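Since this is a predicted model, take the numbers as computed values, not measurements.
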Amino acid sequence: MTRTVMRTLVFFLCLSLPLFEASPVAADEGAGSPGHFSAPPGGSTAAMPEAVAPPVGSRTLCDSGPVPKTEMTDDLDNLDANTRLDIQCLKASYPQITGLVADEDGLWLLVGDKGRVLYSRHGSPEGVGTGPETADGWVVDVRTSMADPYPLDPERPDTPLGVSPGRKRSYDFLAALYGSTPAQVGKQLVPVRLLGQPLRLSTPAGKALAAADATLGEAVRQDPQLKAFLKMDGGFMWRRIAGESRLSPHAFGIAVDLSSRIAPYWRWSKLRPHPLQFSYPSAIVSGMEQAGFIWGGKWHEYDIMHFEYRPEIICKARAVRDRAFQ
């Protein structure tokens with residue numbers, strides 16, 4: 001079958017889909033800012049839009065253009081070593097990822113029935129954002145979100161300006177995994193407890209926290225002083241990052257805040273670095289990392305109370321560490 005015939009078939013297939021299947025664009029959404037919403041009056045989530053357009057940077061399978069070549073995730077021999085490791089860790093962490101699609105623009109992840117999410121553009125340097133929405137350097141493609149080496153505890157290296165492994169995120173990917181509106185995210189939240197304290201998280205993050213709960217419970221039994229660092233101060237909440245315009249990972253149900261009165265956020269303190277970045281109990285950090293959570297204390301813009309479910313980053317950190325010891 002020629003490429004021209006294939007394009008024609010795809011074109012007419014797309015025409016046969018319901019005309020109004022796409023979600024309407026929220027009136028107050030910032031241009032080029034996927035998932036960023038104006039705060040509702042009085043802080044209530046009731047006024048938040050219930051539907052938004054597909055996130056900037058993602059493409060549905062019926063986008064116009066040449067029919068892409070498909071590369072399945074179990075055939076990675078033609079990819080560079082770093083990309084192979086990324087894809088292996090992404091596939092191991094998120095069963096929603098069903099394959100890869102390569103086209104003239106770049107390499108895309110197939111995520112369930114959500115269409116495509118950009119892994120990386122062809123020729124883009126690792127660690128560099130890939131679009132106008134990345135002007136602040138924090139909204140990136142999936143490859144860039146995994147590029148900065150994450151040091152597993154007990155490693156606590158310095159965090160000079162520019163060192164914040166895991167703080168860069170692909171919001172397209174988060175929206176594909178968890179939803180892009182409060183209603184969509186809310187459908188996949190589950191109740192979970194940490195040392196008896198209730199909260200709600202996304203289903204995979206909730207299962208991971210349940211595993212961490214068993215580990216941390218044993219750690220507290222051995223050292224009761226750790227309990228002071230384990231006061232639950234927040235799980236799911238549809239909000240922006242404090243002092244910034246981007247959605248918080250709390251909005252996707254993948255973040256936990258612990259003992260905010262002890263463990264500060266960088267905007268609340270003039271200390272650079274903060275002493276707790278080095279003295280915070282390793283038993284807690286390592287217990288959370290074992291379950292797939294990264295720690296905001298390992299960022300230059302530190303968030304010492306913050307733990308975020310990013311199993312792909314922990315997977316990659318373990319693989320790199322294991323190779324170093326071989």
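- With Asp213 contributing its side chain and Leu195 its backbone, the two residues share a donor-acceptor pair below 3.5 Å.
- With hydrogens and angles disregarded, a donor-acceptor distance shorter than 3.5 Å links the side chain of Ser259 to the backbone of Ala228.
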Next on the checklist: Using side-chain contact (heavy atoms from CB on, under 4.5 Å), reason through Asp86 and Lys91 one step at a time and then give a plain yes or no.
Outcome noted: CA-CA 9 Å; Asp86 281 359; Lys91 185 178 179 182; over 6 Å; no
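- The distance from atom CG of Asp233 to atom CE of Met305, rounded to the nearest 0.5 Å, is 7.5 Å.
- Two different hydrophobic clusters hold Ile262 and Phe278 under the rule that ILVMFWY side chains link at heavy-atom gaps under 4.5 Å.
- Put simply, the side chain of Gln197 gets close to the backbone of Leu230: a donor and an acceptor are under 3.5 Å apart.
- Here CD1 of Ile304 is found 8.0 Å from OG of Ser279. Values are rounded to the nearest 0.5 Å.
- For Trp299, the ring pair (Phe, Tyr, Trp, His ring centres under 6.0 Å) partners at least two apart in sequence or on another chain are His306.
- Using a 4.5 Å heavy-atom cutoff, the side chains of Val192 and Arg200 are not in contact.
- For Tyr280, the side-chain hydrogen bond (donor to acceptor under 3.5 Å, both in side chains) criterion is met by no residue, not counting sequence neighbours.
- When side chains are defined from C-beta on, Val139 counts as touching Arg246, because their heavy atoms get closer than 4.5 Å.
- Within 6.0 Å of CE in Met232 there are more than 12 heavy atoms belonging to other residues, nucleotides or ligands.
- Taking 4.5 Å as the limit, some side-chain heavy atom of Leu161 sits within range of a side-chain heavy atom of Glu301.
- Here ring pair (Phe, Tyr, Trp, His ring centres under 6.0 Å) pairs that include residues 172-209, with residues two or more places apart or in two chains, are Tyr94-Phe173.
- Residue pairs meeting the disulfide bond (SG atoms under 2.5 Å apart) criterion with at least one partner in residues 295-326, sequence neighbours excluded, are Cys89-Cys315.
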Item to check | Check against side-chain contact (heavy atoms from CB on, under 4.5 Å), Glu312 and Val142 | outcome: CA-CA 10 Å; Glu312 75 279 16; Val142 175; over 6 Å; no
Next on the checklist: Run Asp153 and Lys298 through salt bridge (Lys or Arg N to Asp or Glu O under 4.0 Å) and show every step you take.
Outcome noted: CA-CA 10 Å; Asp153 245 57; Lys298 295 180 178 178; 2.9 Å; yes
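- In terms of the side-chain contact (heavy atoms from CB on, under 4.5 Å) criterion, residue partners of Arg318 (sequence neighbours excluded) are, by chain and number, Leu152, Gln290, Ile314, Arg321.
- For residues 165-203, no pair satisfies disulfide bond (SG atoms under 2.5 Å apart), with sequence neighbours left out.
- When side chains are defined from C-beta on, Leu247 does not count as touching Leu174, because their heavy atoms never get closer than 4.5 Å.
- Between the side chain of Thr98 and the backbone N or O of Gly112, no donor-acceptor pair lies under 3.5 Å.
- Ion pairing between Arg169 and Glu244 fails under the 4.0 Å rule for side-chain N and carboxylate O.
- Every pair tested for disulfide bond (SG atoms under 2.5 Å apart) that includes a residue from residues 152-217 fails, sequence neighbours excluded, so the list is empty.
- Side-chain N or O atoms of Arg156 include one that pairs as donor or acceptor with a backbone N or O of Gln277 at under 3.5 Å.
- Here Tyr309 pairs with Phe293 under the ring pair (Phe, Tyr, Trp, His ring centres under 6.0 Å) rule; sequence neighbours left out.
- Side-chain atoms of Arg310 do not come within 3.5 Å of backbone N or O of Ile254 as any donor-acceptor pair.
- Applying the ring pair (Phe, Tyr, Trp, His ring centres under 6.0 Å) definition to pairs two or more places apart or across chains, none involves residues 140-161.
- Residues forming a side-chain hydrogen bond (donor to acceptor under 3.5 Å, both in side chains) with Gln188 (at least two apart in sequence, or on another chain): none.
- Residues satisfying the ring pair (Phe, Tyr, Trp, His ring centres under 6.0 Å) test with His300, not counting sequence neighbours, are none.
- A salt bridge links Arg143 and Asp80; the closest N-O separation between the charged side-chain nitrogens and carboxylate oxygens is under 4.0 Å.
- Every residue meeting the ring pair (Phe, Tyr, Trp, His ring centres under 6.0 Å) condition with Tyr302, not counting sequence neighbours, appears here in chain and number order: His274.
- Judged by distance alone, the side chain of His250 and the main-chain N or O of Ile241 form no donor-acceptor pair under 3.5 Å.
- Using a distance-only test at 3.5 Å, with no hydrogens or angles considered, no donor-acceptor pair links the side chain of Glu308 to the main chain of Ala255.
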